[in-house]
Protein chains: 2
Amino acid sequence: MTTRSREDVVQAAGRLFALRGFHGTSMRDLGDELGLLGSSLYSHVESKEQLLVEVIQRGAVLFQSLADEVSAGGGAPEKKVADLVRGHAAIITSHQDMSATFLNEARFLPDRERRAIVDMRDRYESTVRGLISEAIGNGPFRDQDPALATIMALSVLNALTRWFRADGRQSAEEIAEAMVEFIIEGLK
Amino acid sequence: MTTRSREDVVQAAGRLFALRGFHGTSMRDLGDELGLLGSSLYSHVESKEQLLVEVIQRGAVLFQSLADEVSAGGGAPEKKVADLVRGHAAIITSHQDMSATFLNEARFLPDRERRAIVDMRDRYESTVRGLISEAIGNGPFRDQDPALATIMALSVLNALTRWFRADGRQSAEEIAEAMVEFIIEGLK
DNA sequence: CCTACCGATCGGTAGG
DNA sequence: CCTACCGATCGGTAGG
């Protein structure tokens, strides 16, 4: 067992925060996970809150990047929505702990950081709503409230944090395709 | 300010557990909410865990009753799915705290109670899967994996615990109808 | 329902 | 990364 890096600590924190929640995880729990004492963690990080901040900010950045990518990418509105669904599913299935912590524990962030994360989440949602609105205006999707349509689509995707298992019956890609179909047919 | 009943304590516990989580809520917080000391709560309840058990069991019962009701009720498979969607949405929008606690905090239940709740949740999901399978077999829904279809439908509904506001732009009924359409079109 | 309290655990620090 | 520790807070109890 070699020495642990700050990166290892952040990873393990993501895992435990996702599993037991921020308030259900003590620094001693986190130490156990890494094979050292709770107090020893403080040579790697400043505070427990800072760990939460770091895990969640990394999650937020992933979704932000996806939104930028899909917005800049080409194709018809319907295709952009499909691309976003695939990308969103891929983020969660390959960073499940970070995503779960981002979605469930952000309310426990210190005020300033919480506001910043809520802003990022709002911006992401706005981008998705923009894509869906285009597809409503251009025809493929039926006339409906874009805000509600967006929430419903993201609900399907975000629930992946709760039930996806990498060793499950279906691969992440198969699941993503089923979600593309469900969401797009659901909006037509 | 009159004296508090056990019922008041359970209600307030549901509210705080939904808002800040089980581990993020102290008995002193709960006392504050009710205008008394944390230690005074113990004349109403045996333990903090027992409060969690009570809130969550009440939630589980609501969904169980809905499943029984819809199963016994008549109509084509597609109509039953629509009824279930409406009923599930109604439970969450009219018992949001209980539902959120049921869905998010059950992992913190003592072992025995947690297993019982997981069983109830599994039975509920089985019932829904049965209805969806019927609608796949009978034609209205396209051929697809019923388990995944069920998870996706319930994901849309359960996310209501996260965003629904009684004073929002749309009524609970309007939202429920939009979900009926989204889910049923998504499965066709 | 409060007063007065308990042992356990929490996040965190000093010093090595 | 550990030893040794700190004050604060936790769930909970005895007695009134």
Side-chain angles (χ1 to χ4, degrees), chain A residues 1-57 97 101 104-114, chain B residues 1-57 97 101 104-114:
Chain A
M1 185 91 56
T2 168
T3 192
R4 260 68 53 182
S5 68
R6 182 186 179 102
E7 181 61 30
D8 295 328
V9 178
V10 175
Q11 289 269 340
R15 200 158 52 243
L16 291 192
F17 292 165
L19 200 63
R20 310 182 204 164
F22 177 68
H23 288 301
T25 302
S26 74
M27 291 301 268
R28 285 157 179 88
D29 291 339
L30 184 52
D32 285 349
E33 183 84 0
L34 291 160
L36 41 79
L37 295 178
S39 59
S40 300
L41 293 166
Y42 290 91
S43 46
H44 293 105
V45 296
E46 309 69 54
S47 68
K48 191 188 174 192
E49 279 196 342
Q50 185 53 39
L51 272 175
L52 184 65
V53 168
E54 215 143 316
V55 171
I56 291 182
Q57 279 177 348
D97 297 331
T101 302
N104 298 324
E105 310 297 320
R107 58 190 155 153
F108 303 123
L109 247 15
D111 259 28
R112 201 168 55 83
E113 284 84 359
R114 204 192 64 249
Chain B
M1 185 88 56
T2 168
T3 191
R4 259 68 51 180
S5 68
R6 182 186 177 102
E7 182 60 30
D8 295 329
V9 177
V10 175
Q11 289 269 341
R15 200 159 51 242
L16 291 193
F17 292 165
L19 200 63
R20 309 183 205 165
F22 177 67
H23 288 303
T25 302
S26 74
M27 290 301 269
R28 285 158 179 87
D29 291 338
L30 183 52
D32 284 349
E33 183 84 359
L34 291 159
L36 41 80
L37 293 178
S39 59
S40 300
L41 293 166
Y42 289 91
S43 46
H44 292 105
V45 297
E46 310 69 52
S47 68
K48 190 188 174 191
E49 279 197 341
Q50 185 53 39
L51 272 176
L52 183 64
V53 168
E54 215 142 317
V55 171
I56 291 183
Q57 278 178 348
D97 296 332
T101 302
N104 298 325
E105 310 297 319
R107 59 190 156 153
F108 303 124
L109 247 15
D111 259 29
R112 201 168 55 83
E113 284 83 359
R114 202 192 64 248

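The chains referred to below are lettered A, B, ... by the order of the sequence lines, with proteins before strands, and numbering in each begins at 1. None of these values were measured; they are calculated from a predicted model.
- For dG7(C), the paired nucleotide is dC10(D), the pair qualifying as Watson-Crick or G-U wobble because both relevant distances are below 3.5 Å.
- For the salt bridge (Lys or Arg N to Asp or Glu O under 4.0 Å) test with Glu33(B), the passing option among Arg28(B), Arg4(B), Arg15(B) is Arg15(B); the others fail.
- The closest donor-acceptor contact from the side chain of Thr25(A) to the backbone of Leu16(A) lies under 3.5 Å.
- Between the CG atom of Leu30(B) and the P atom of dG11(D) there is a distance of 10 Å, rounded to whole Å.
- In this structure, CD of Gln50(A) is placed 15 Å from C1' of dG11(C), rounded to the nearest angstrom.
- The NZ-C1' distance, from Lys48(B) to dA8(C), rounds to 14 Å in whole Å.
- In this structure, the CD atom of Glu46(A) is 14 Å from the C1' atom of dT13(C), given to the nearest Å.
- Nearest nucleotide to the side chain of Ser43(A), out of dG11(D), dC1(D), dG12(C): dC1(D).
- Note on His44(A): only backbone sugar-phosphate atoms sit closer than 4.0 angstrom, heavy atoms only; bases stay farther off.
- The interatomic distance linking Leu16(B) (CG) with dC10(D) (P) rounds to 13 Å, in whole Å.
- The distance from atom CG of Asp32(B) to atom P of dG11(D) is 12 Å, rounded to the nearest whole Å.
- Among the nucleotides dC2(C), dG12(C), dG11(D), the one closest to any side-chain atom of Tyr42(B) is dG11(D).
- In this structure, Leu52(A) atom CG and dC10(C) atom P are separated by 17 Å, rounded to whole Å.
- Distance alone, capped at 3.5 Å, places no donor-acceptor pair between the Asp32(A) side chain and the Asp29(A) backbone.
- When heavy atoms are screened at a 4.0 angstrom cut-off, Ser47(B) is found touching the sugar-phosphate backbone but no base atom.
- For Met27(A) and dC2(D), the CE to C1' distance is 15 Å, given to the nearest whole Å.
- Candidate nucleotides dC1(D), dC2(C), dT13(C) were compared by shortest atom distance to the side chain of Leu36(B), and dC2(C) ranks first.
- Residue-level contact check: Ser26(A) touches the backbone only, with heavy atoms under 4.0 Å from sugar-phosphate atoms and none from bases.
- At a threshold of 4.0 angstrom between heavy atoms, the contacts of Leu37(B) include nucleobase atoms, whether or not backbone atoms are also involved.
- With dG11(D), dG11(C), dC1(C) as the choices, the nucleotide that has an atom nearest any side-chain atom of Arg28(A) turns out to be dG11(C).
- Salt-bridge annotation for Arg6(B) and Glu46(B): present, with a side-chain N of the basic residue lying under 4.0 Å from a carboxylate O of the acidic one.
- In this structure, Ser39(A) does not reach the dG12(C) phosphate: none of its side-chain N or O atoms is under 4.0 Å from OP1 or OP2.
- Judged by closest nucleotide on DNA chain D, Ser5(A) is the one of Ser5(A) and His23(B) placed further toward the 5' end.
- Side-chain N or O atoms of Ser40(B) include none that pairs as donor or acceptor with a backbone N or O of Leu36(B) at under 3.5 Å.
- Pairing of dG16(D), defined by two Watson-Crick or G-U wobble distances under 3.5 Å, is identified with dC1(C).
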